[in-house]
Colleague: 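Pasting a structure here, questions to come.
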Amino acid sequence: MAPTVLHLRSETKPLEHRSALTPTTTAALIKAGYTVNVERSPVRIFDDAEFEAAGATLVPEYSWVDAPKEHIIIGLKELEEKEFPLKHVHVQFAHCYKQQGGWETVLARFPRGGGTLLDLEFLVDENGRRVAAFGYHAGFAGAALALEVWSWQLNHSEPFPGVESYPNEDALVSNVKKALASGIEKAGRSPRVIVIGALGRCGSGAVEALRKAGVPEENILKWDMAETAGGGPFKEITDSDIFVNCIYLTKKIPNFVNLESLQVPDRKLSVVCDVSAASQDTTSPFTPVPIYTVATTFDEPTVAVEGLQSGPALSVISIDHLPSLLPREASEAFSQDLLPSLLALNDWQNTPVWSRADKLFKEKVATLPASALEK
């Protein structure tokens, strides 16, 4: 029997340097008998030569479109907005199962071409836990940026400037340490930071970044479900300099903070990093941080909270792909977690983790309006 062919496509989302496969996991797949084709990419954090050294075959960008139907296309972020039907099995994040804007157009391309979407966001084990996620590095990057913004605001009147991906974690931590030292010198103290969701993947990443940057342990307030069970808003947030929100919500809970709770004369809070913005729309009714409505970007990382009567200026970071700040480490961790499932792709229809994703895909397709399938 011919080996299963996996085709890693080049990412097209702006400023996306991560990869679903890495040279390390590619080598493991090839050792297990897979053929791996890797599209050349000018933006991927891993050089083409690294994949070639791992045994992959380099192919042109966008060649997945004309690849044989039986090849499995692996990507990370959503495809470009096109109309042509999709004939392959696609493994990726598609962001079309929660009725996001334009979801019908995105999802309908698969049944129209006889293809299948196996969405990474909904790839879960028998207990419903995701088999791979970027949460740790989202929290790490978010907390690191929040420290930089805190320091910047103490020393500058203009908004925090754009940021770019770092080649590795050491480079990011080094930069944050320098920024933090400048802020501490100006403020005469270290910042107090509250992390909500501290026990999860995302929260643990945030706490680790704060520690590596040099924030004293006593200045890191680690909250999770027990501390928030009574319902907010919480004065501990406005008493902190920085608030990092690391929770994943599927229903409404009392707000952690709102515009009214910010209107206190002794507010110290000057930076909010809403890491959860990656998992829900910024205007979601579920958000427990209803103080902004703008998704920020690497080019413009912060948005100001309007209408505050007193206290320091308050900025929100709501970047929806924070792990891209550390694309190498984030990709390695995600791809290693995904590897056991990837190794079962040669029999994906009979493998529970993939068959669950296929079942969900079919359920979502069944909700499509007939008009979406007729294009």
Side-chain angles (χ1 to χ4, degrees), residues 8 10-11 13-28 38-54 56 58 74-77 93 120 132-152 160-183 193 195 201-215 220 242 244 246 273 275 278 296-299 301 317 319-339:
L8 179 68
S10 178
E11 297 295 325
K13 181 167 182 171
L15 302 176
E16 182 54 81
H17 305 296
R18 292 174 296 170
S19 178
L21 298 184
T22 70
T24 305
T25 53
T26 294
V38 174
E39 292 187 4
R40 296 179 183 276
S41 172
V43 296
R44 193 185 290 128
I45 188 64
F46 304 100
D47 292 336
D48 295 342
E50 294 181 70
F51 282 100
E52 194 169 34
L58 296 181
I74 298 180
L76 199 62
K77 301 302 288 184
F93 290 98
L120 289 168
F134 282 101
Y136 177 89
H137 285 94
F140 193 103
L145 268 187
L147 290 174
E148 289 199 66
V149 172
W150 175 76
S151 180
W152 177 270
F160 185 70
V163 295
E164 295 182 349
S165 296
Y166 285 84
N168 53 57
E169 182 185 296
D170 288 346
L172 171 61
V173 171
S174 175
N175 203 58
V176 174
K177 281 183 173 180
K178 290 177 185 174
L180 184 59
S182 174
V193 187
V195 178
R201 283 170 168 157
C202 177
S204 63
V207 171
E208 186 64 14
L210 296 171
R211 288 171 174 157
K212 286 190 172 183
V215 177
I220 306 173
I242 299 169
V244 184
C246 290
C273 183
V275 185
T296 62
T297 64
F298 279 6
D299 290 336
I317 302 165
I319 298 169
D320 68 0
H321 60 124
L322 279 165
S324 292
L325 202 65
L326 286 172
R328 183 173 287 270
E329 286 91 346
S331 297
E332 286 286 12
F334 180 84
S335 197
Q336 284 292 341
D337 286 348
L338 190 61
L339 183 59

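Note that the structure is predicted; figures quoted are calculated from it, not measured.
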Colleague: Could I get the full list of salt bridge (charged side-chain N to carboxylate O under 4.0 Å, His left out) partners for R211, not counting sequence neighbours?
Modeller: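 Testing R211 for salt bridge (charged side-chain N to carboxylate O under 4.0 Å, His left out), a comparison that skips the adjacent residues, returns E217.
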Colleague: I'd like to know whether V195 forms a side chain to side chain contact (heavy atoms under 4.5 Å, CB included) with C246, so could you lay out the CA-CA distance, the side-chain angles of the two residues, the decisive distance to 0.1 Å, and finally the verdict.
Modeller: CA-CA 7 Å; V195 178; C246 290; 4.2 Å; yes
Colleague: Work out which heavy atom in L325 is nearest to a heavy atom in E164; give both atom names and the distance.
Modeller: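 In this case the closest contact between L325 and E164 is CD1-O, 3.5 Å.
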Colleague: With a 4.5 Å cut-off on side-chain heavy atoms, are E329 and Y166 touching?
Modeller: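 Side chain of Y166 against side chain of E329, heavy atoms only: no contact under 4.5 Å found.
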Colleague: Can F134 and H321 be said to form a side chain to side chain contact (heavy atoms under 4.5 Å, CB included), step by step?
Modeller: CA-CA 9 Å; F134 282 101; H321 60 124; over 6 Å; no
Colleague: Report the distance from atom CD of E52 to atom CG of L58, rounding to the nearest 0.5 Å.
Modeller: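 Between E52 CD and L58 CG, I get 4.5 Å after rounding to 0.5 Å.
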Colleague: What's the spacing between L147 CG and I242 CD1 if we round to 0.5 Å?
Modeller: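 It is 4.5 Å, given to the nearest 0.5 Å.
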Colleague: Report yes if the side chains of L180 and W150 come closer than 4.5 Å at any heavy-atom pair, otherwise no.
Modeller: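 Yes, side chains in contact.
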Colleague: Does R201 have any salt bridge (charged side-chain N to carboxylate O under 4.0 Å, His left out) partners at least two apart in sequence or in another chain, and if so, which?
Modeller: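 None.
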Colleague: Would you check if the side chain of T296 reaches a backbone N or O of I319 as a donor-acceptor pair within less than 3.5 Å?
Modeller: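 At least one qualifying donor-acceptor pair exists.
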Colleague: Determine yes or no for a side-chain-to-main-chain donor-acceptor pair under 3.5 angstrom, with T22 supplying the side chain and T25 the backbone.
Modeller: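 Such a contact is found between T22 side chain and T25 backbone.
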Colleague: Can you give me the closest heavy-atom contact between L172 and A144, atom names plus distance?
Modeller: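 Looking at all heavy atoms of both residues, the shortest contact is CD2-CB, 4.1 Å.
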Colleague: Could you state the interatomic distance from NZ (K77) to OG (S324), rounded to the nearest 0.5 Å?
Modeller: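 Between K77 NZ and S324 OG, I get 7.5 Å after rounding to 0.5 Å.
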Colleague: Closest heavy-atom contact between P301 and P161?
Modeller: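 Distance-wise, the nearest heavy atoms are CG-O, 3.4 Å.
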Colleague: Look up atom CD in E16 and atom CD1 in I45, then write down how far apart they are to the nearest 0.5 Å.
Modeller: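 One finds 11.0 Å between CD of E16 and CD1 of I45.
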Colleague: Please report the shortest heavy-atom distance between T26 and A56, naming the atom on each side.
Modeller: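 Looking at all heavy atoms of both residues, the closest pair is CG2-CB, 3.9 Å.
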Colleague: Please report the closest heavy-atom contact between G75 and L120, naming both atoms and the distance.
Modeller: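 Looking at all heavy atoms of both residues, the shortest contact is O-CD1, 3.9 Å.
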Colleague: F298 versus S165: any side-chain heavy-atom pair under 4.5 Å?
Modeller: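 SC-SC contact between F298 and S165 confirmed.
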Colleague: Does V163 form a side chain to side chain contact (heavy atoms under 4.5 Å, CB included) with L145? I'd like the steps, not just the answer.
Modeller: CA-CA 9 Å; V163 295; L145 268 187; 3.9 Å; yes
Colleague: Assess the residue pair S331 and R18 against the criterion (side-chain hydrogen bond (donor to acceptor under 3.5 Å, both in side chains)); give the C-alpha distance rounded to whole Å, side-chain angles, the decisive distance to 0.1 Å, and a yes or no.
Modeller: CA-CA 6 Å; S331 297; R18 292 174 296 170; 5.8 Å; no
Colleague: What distance separates Q336 CD from T24 OG1, expressed to the nearest 0.5 Å?
Modeller: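 Here the rounded value is 6.0 Å.
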Colleague: Counting C-beta onward and ignoring hydrogens, is there a side-chain heavy-atom pair between F51 and S19 closer than 4.5 Å?
Modeller: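 In short, these two side chains touch, coming nearer than 4.5 Å.
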Colleague: Assess the residue pair R328 and N168 against the criterion (side chain to side chain contact (heavy atoms under 4.5 Å, CB included)); give the C-alpha distance rounded to whole Å, side-chain angles, the decisive distance to 0.1 Å, and a yes or no.
Modeller: CA-CA 6 Å; R328 183 173 287 270; N168 53 57; 5.5 Å; no
Colleague: Of all heavy-atom pairs between C273 and L322, which one has the smallest distance, and what is that distance?
Modeller: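 Reported closest heavy-atom pair: SG-CD1, 4.2 Å.
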Colleague: Tell me, please, which residues at least two apart from E39 pass salt bridge (charged side-chain N to carboxylate O under 4.0 Å, His left out).
Modeller: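 Counting only residues at least two positions away or on another chain, E39 forms no salt bridge (charged side-chain N to carboxylate O under 4.0 Å, His left out).
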Colleague: Mind checking whether F334 and L76 have side chains closer than 4.5 Å, heavy atoms only?
Modeller: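 Heavy-atom side-chain distance check passes, below 4.5 Å.
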Colleague: Do the charged groups of E50 and R44 touch, with an N to O distance under 4.0 Å?
Modeller: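 Here E50 does not pair with R44 in a salt bridge, since their nearest N and O are not under 4.0 Å apart.
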Colleague: Look only at the side chain of S151 and the backbone of S182, and say whether a donor-acceptor pair between them is shorter than 3.5 Å.
Modeller: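 Pair absent, no side-chain N/O of S151 close to backbone of S182.
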Colleague: Is there side-chain contact between L15 and D299, with heavy atoms separated by less than 4.5 Å?
Modeller: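 The answer is yes; the side chains approach within 4.5 Å.
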Colleague: Taking the side chain as every heavy atom from C-beta outward, state whether V173 and F140 have any pair of such atoms under 4.5 Å apart.
Modeller: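 When only atoms from C-beta onward are counted, F140 and V173 do touch, with a gap below 4.5 Å.
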